[in-house]
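Taking it in order: structure first as structure tokens, then the write-up.
Values below: all heavy atoms of this structure, side chains included; hydrogens, waters and symmetry mates excluded. In the text below, chain A, chain B and the rest are named by the order of the sequence lines, each starting its count at 1.
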Amino acid sequence: MTAGVGRPRRLPVSFFARDATVVAPELLHKVLRVGSGAGAIDARIVEVEAYTQDDPASHSWRGETARNAVMFGPPGRLYVYFVYGMHHCVNIVTGARGDGQAVLVRAAVIDGVDPRRSNGPGKLTVALGVDRTHDGVRANVLDDGTPVPMATVTPRVGITKAVDWLRRWEAAWPSDGSARAGS
DNA sequence: AATCTGATCGTG
DNA sequence: ACGATCAGATTA
């Protein structure tokens, strides 16, 4: 409806240099752009989870390793990991450099893609063509003026620790189904 | 070196 | 409810 007000602006690193629990809900209905030019894919984020270093469910809980190093690096980068022998998941690094935290992007709306092909973290990376080669690359997140939507807050999915922490935010899917950031 | 464990997904 | 499938972390 009122999506696409104003020209989209790329969120600055300072946006991500805050706590994951603050950044995560603000990422709802922002647009994650992967690739550039004609091959770019825009995904309007509708579901996220926050992971911090003091969180037993977080990859950063036991400190920095080769796999999670990007989580401890500068904010605003993609942290991509491989799990269950077959799935990639994409996160956006938040917080100060040296603080291991990130926001997992679990679902997004992609223009022209069946929502059932982008409504889970593993499926989303397939739809976006994201894999470990994207680990550490600068995230391209656009704010097209769409207001931060109302969100439901619930426990996170698929974890066995901190199971009652309310760190998952889910927004209603855009009624027009559009993932376009505007032009 | 051996074992365990997944920030998942599709199928039964 | 369960199996697929394997990299990374942990333990010895």
Side-chain angles (χ1 to χ4, degrees), chain A residues 15-32 34 41 43-110 113-141 151-171 173 179:
Chain A
F15 176 91
F16 302 99
R18 299 173 293 151
D19 196 83
T21 57
V22 174
V23 176
E26 291 188 23
L27 280 172
L28 293 172
H29 284 198
K30 298 292 189 296
V31 174
L32 173 62
V34 173
I41 302 177
R44 191 173 297 278
I45 297 166
V46 294
E47 184 185 340
V48 293
E49 286 178 0
Y51 290 89
T52 55
Q53 205 174 336
D54 64 329
D55 173 5
S58 173
H59 290 169
S60 56
W61 168 244
R62 293 170 196 265
E64 183 174 345
T65 65
R67 172 168 83 146
N68 64 19
V70 171
M71 285 185 85
F72 291 81
R77 308 269 188 112
L78 298 183
Y79 165 50
V80 183
Y81 65 90
F82 183 67
V83 271
Y84 296 118
M86 54 188 80
H87 298 296
H88 292 279
C89 295
V90 62
N91 299 248
I92 301 172
V93 176
T94 58
R97 191 189 181 102
D99 191 2
Q101 52 169 264
V103 174
L104 171 68
V105 184
R106 292 187 54 87
V109 183
I110 302 172
V113 174
D114 184 336
R116 291 177 299 185
R117 285 271 143 224
S118 62
N119 64 352
K123 293 188 278 185
L124 180 60
T125 52
V126 171
L128 290 173
V130 165
D131 57 29
R132 277 170 301 181
T133 65
H134 295 81
D135 190 39
V137 307
R138 174 78 192 280
N140 192 5
V141 184
T152 57
V153 189
T154 60
R156 293 166 295 183
V157 175
I159 53 171
T160 59
K161 301 156 199 150
V163 292
D164 55 340
W165 291 25
L166 301 176
R167 292 194 168 195
R168 171 173 174 257
W169 291 265
E170 196 172 7
W173 287 52

*Looking across every strand, which nucleic acid part, if any, lies under 4.0 Å from R167(A) by heavy atom: base, sugar-phosphate, or nothing?*
nothing
_Set of residues satisfying side-chain contact (heavy atoms from CB on, under 4.5 Å) with respect to F82(A), sequence neighbours excluded_ = H88(A), R132(A)
*Examine distances only and state if a side-chain atom of H87(A) and a backbone atom of Y84(A) form a donor-acceptor pair shorter than 3.5 Å.*
no
*Determine yes or no for a side-chain-to-main-chain donor-acceptor pair under 3.5 angstrom, with N91(A) supplying the side chain and Y79(A) the backbone.*
yes
*Does the pair R156(A)/D55(A) count as a salt bridge with the N-to-O cut at 4.0 Å?*
yes
*asked:* Once side-chain contact (heavy atoms from CB on, under 4.5 Å) is applied, do any residues pair with D114(A), and if so which ones, sequence neighbours excluded?
replied: R116(A), R117(A)
*Give a yes or no on whether the backbone of H59(A) and the side-chain of N68(A) come within a donor-acceptor separation of less than 3.5 Å.*
yes
*So does R116(A) get a side-chain nitrogen or oxygen closer than 4.0 Å to the phosphate oxygens (OP1/OP2) of dC9(B)?*
no
*Take Q53(A) and S60(A) through the test side chain to side chain donor-acceptor pair (under 3.5 Å) and record every step on the way to the result.*
CA-CA 5 Å; Q53(A) 205 174 336; S60(A) 56; 5.5 Å; no
_Quick check on contacts: within residues 122-136 of chain A, what sits under 4.0 Å from DNA chain B by heavy-atom distance?_
G122(A), K123(A)
*N/O donor-acceptor pair under 3.5 Å between R18(A) side chain and F15(A) backbone*: yes
_Atom pair OG1 (T154(A)) and CH2 (W165(A)), whose distance is rounded to the nearest 0.5 Å_ = 15.5 Å
*Specify the separation, in whole Å, of atom CZ of R106(A) and atom P of dC9(B).*
7 Å
*asked:* Whether the side chain of S118(A) engages the backbone of A108(A) through a donor-acceptor N/O pair (distance < 3.5 Å, no angle test) should be reported.
replied: yes
Between the protein and nucleotides 3-6 of chain B, which nitrogen or oxygen pairs come in under 3.5 angstrom?
| unit_1 | atom_1 | unit_2 | atom_2 | d |
| --- | --- | --- | --- | --- |
| dG6(B) | N2 | Y84(A) | N | 3.4 |

_What is the first contacted nucleotide of DNA chain C and what is the last, in 5' to 3' order, if contact means an atom lying under 4.0 angstrom from a heavy atom of chain A?_
dA4(C) to dT10(C)
*Which stems, defined as runs of 3 or more consecutive Watson-Crick or G-U wobble pairs with both pairing distances under 3.5 Å, involve DNA chain B?*
B:1-6 with C:6-11, B:8-11 with C:1-4
*Would you confirm whether E49(A), through its side chain, and R106(A), through its main-chain N or O, come within 3.5 Å as a donor-acceptor pair?*
no
*Touch check for L104(A), heavy atoms < 4.0 angstrom, all strands: base, sugar-phosphate only, or nothing?*
base
